[in-house]
Amino acid sequence: MQRVRIVTDSVAQLTQEMASRHGVKVVPAATILCDGKTYVDGVDISPAEAYRLLEQDPTQFTTSAIPPAYFYKAFEEVGRGAREILCITVSSKLSGVYNSALLAGEQVRERVPGLQPRVFDSMSAAGGEGLVVLAAAGAAARGLDLDGVTAVAERARRESECLFVFDTLRHTYRTGRVPRVVSEGADLLGVRPLCRIGRDGMVHVVGLARSRRKGVERMVGMVRERARGEPIHAVIMHTAAVAEAQGLKERMAREFDCRGIFVSEFSPVMGYATGPGVLGIAFRPESGD
């Protein structure tokens with residue numbers, strides 16, 4: 001029997017099939033409030049539905065971190081099969097999910113003897129977080145103990161990159177994740193910001209492109225520079241841009257030695273902060289496996 005079970009949140013972008021195949025328990029990252037109605041991310045609203053609501057009236061669309069009770073229930077559930085749990089969350093600098101998981105972990109330790117969930121900050125989001133989760137799940141499947149699985153997650157966190165090309169930074173500014181001057185300047189110049197999630201767990205603008213196509217070229221170039229011909233694991237990310245994301249996946253598969261690659265749509269929690277039309281690439285070298 002596997003010694004360690006992995007829990008994560010829906011921002012990690014794992015598909016249901018992938019989560020099931022790798023034995024990962026996914027907890028909704030947030031509740032969504034729109035026009036007086038409350039939805040649970042990934043439970044009673046799909047990303048496509050959430051983006052439609054966001055486009056209709058961004059001022060009426062808000063999110064809040066999921067209550068600790070959801071993590072508590074997940075810890076209890078997976079704890080029936082394994083006493084060691086590693087819970088990997090979206091960056092604590094971008095969301096309150098990490099704190100919800102921490103509180104749930106404290107409550108579980110007090111109420112369920114022998115159950116010791118460990119909460120791990122991915123310092124990333126979306127596909128970058130997902131790559132950390134998959135690395136940890138692979139280590140757990142190989143029978144490593146909690147310290148060993150955590151060490152693999154730490155290495156994946158150090159080596160993973162998460163890049164995005166935005167259509168606009170208006171949504172990101174509205175949520176307080178980039179300065180107003182950066183958002184207004186990008187829109188005024190008609191450029192597409194190229195962003196990455198830094199080692200500090202925050203979103204940083206690292207370049208500007210005149211079009212999304214040129215922004216994608218910049219991202220692919222950054223992957224090429226970092227990969228240096230070595231095998232990689234990759235995630236192609238998007239918000240309401242399915243065809244373009246699929247095309248980017250096919251290109252990545254042609255140009256790189258991808259030992260694992262899949263397409264995933266942003267959780268509405270991410271979509272609220274980025275807006276529609278975003279394309280991204282998350283990747284890490286296979287050498288960390």
Side-chain angles (χ1 to χ4, degrees), residues 1-32 38-44 63-92 94-157 160 201 264 267 269 288-289:
M1 184 176 66
Q2 194 169 298
R3 296 181 62 177
V4 180
R5 286 292 307 274
I6 307 299
V7 175
T8 191
D9 57 68
S10 56
V11 174
Q13 294 188 222
L14 297 189
T15 64
Q16 289 184 350
E17 185 275 331
M18 291 187 70
S20 176
R21 174 154 47 95
H22 292 279
V24 177
K25 176 67 176 178
V26 179
V27 177
T31 55
I32 298 166
T38 301
Y39 308 88
V40 178
D41 179 31
V43 175
D44 47 24
T63 66
S64 61
I66 206 74
Y70 283 79
F71 280 103
Y72 186 97
K73 182 179 179 181
F75 294 158
E76 273 195 322
E77 179 182 323
V78 302
R80 299 188 188 107
R83 307 308 284 173
E84 295 180 308
I85 301 169
L86 184 63
C87 177
I88 301 172
T89 74
V90 60
S91 170
S92 60
L94 300 176
S95 168
V97 170
Y98 174 77
N99 289 330
S100 289
L102 276 181
L103 183 55
E106 293 173 1
Q107 293 171 343
V108 164
R109 282 189 288 272
E110 291 175 357
R111 301 172 189 173
V112 185
L115 195 57
Q116 294 291 324
R118 179 180 295 174
V119 181
F120 182 88
D121 188 344
S122 74
M123 299 297 283
S124 191
E129 178 188 355
L131 289 174
V132 176
V133 172
L134 292 175
R142 295 194 297 272
L144 274 65
D145 64 11
L146 184 56
D147 287 339
V149 173
T150 302
V152 170
E154 288 172 343
R155 184 163 60 247
R157 178 172 63 184
S160 296
S264 189
S267 156
V269 180
D289 291 354

Test item: [X] side-chain N/O and [Y] main-chain N/O as donor-acceptor pair under 3.5 Å:
X: S20; Y: Q16; result: no
X: T89; Y: V97; result: no
X: R3; Y: A140; result: no
X: D9; Y: V90; result: yes
X: S264; Y: L14; result: no
X: R5; Y: G23; result: yes

Which heavy atom of [X] sits nearest a heavy atom of [Y], and at what distance?
X: A101; Y: C87; answer: CB-SG, 4.0 Å
X: A65; Y: S100; answer: CB-OG, 4.3 Å
X: H22; Y: A137; answer: O-CB, 3.9 Å
X: V26; Y: A19; answer: CG2-CB, 3.8 Å
X: V152; Y: A135; answer: CG1-O, 3.5 Å
X: A153; Y: V132; answer: O-CG1, 3.7 Å

**OP:** Tell me, with the steps shown, if F120 and E154 meet side-chain contact (heavy atoms from CB on, under 4.5 Å).
**Re:** CA-CA 9 Å; F120 182 88; E154 288 172 343; 3.4 Å; yes
Applying side chain to side chain donor-acceptor pair (under 3.5 Å), name anything that partners [X], two or more places apart in sequence or on another chain.
X: T38; result: none
X: T8; result: E129
X: D147; result: R118

**OP:** Step by step, work out the side-chain contact (heavy atoms from CB on, under 4.5 Å) result for V27 and S10.
**Re:** CA-CA 6 Å; V27 177; S10 56; over 6 Å; no
Are [X] and [Y] close enough that some pair of their side-chain heavy atoms sits under 4.5 Å apart?
X: V112; Y: F75; answer: no
X: V149; Y: I6; answer: yes
X: L134; Y: M18; answer: yes
X: T150; Y: L86; answer: yes

Hey, could you give me the [atom1]/[atom2] distance between [X] and [Y], rounded to the nearest 0.5 Å?
X: L103; Y: Y72; atom1: CG; atom2: OH; result: 11.0 Å
X: E84; Y: L115; atom1: CD; atom2: CG; result: 10.0 Å
X: Q116; Y: R83; atom1: CD; atom2: CZ; result: 9.5 Å
X: S95; Y: I66; atom1: OG; atom2: CD1; result: 10.0 Å
X: M123; Y: L94; atom1: CE; atom2: CG; result: 8.5 Å

Subject >> Over 12 non-hydrogen atoms of neighbours within 6.0 angstrom of OH in Y70 >> reply: no
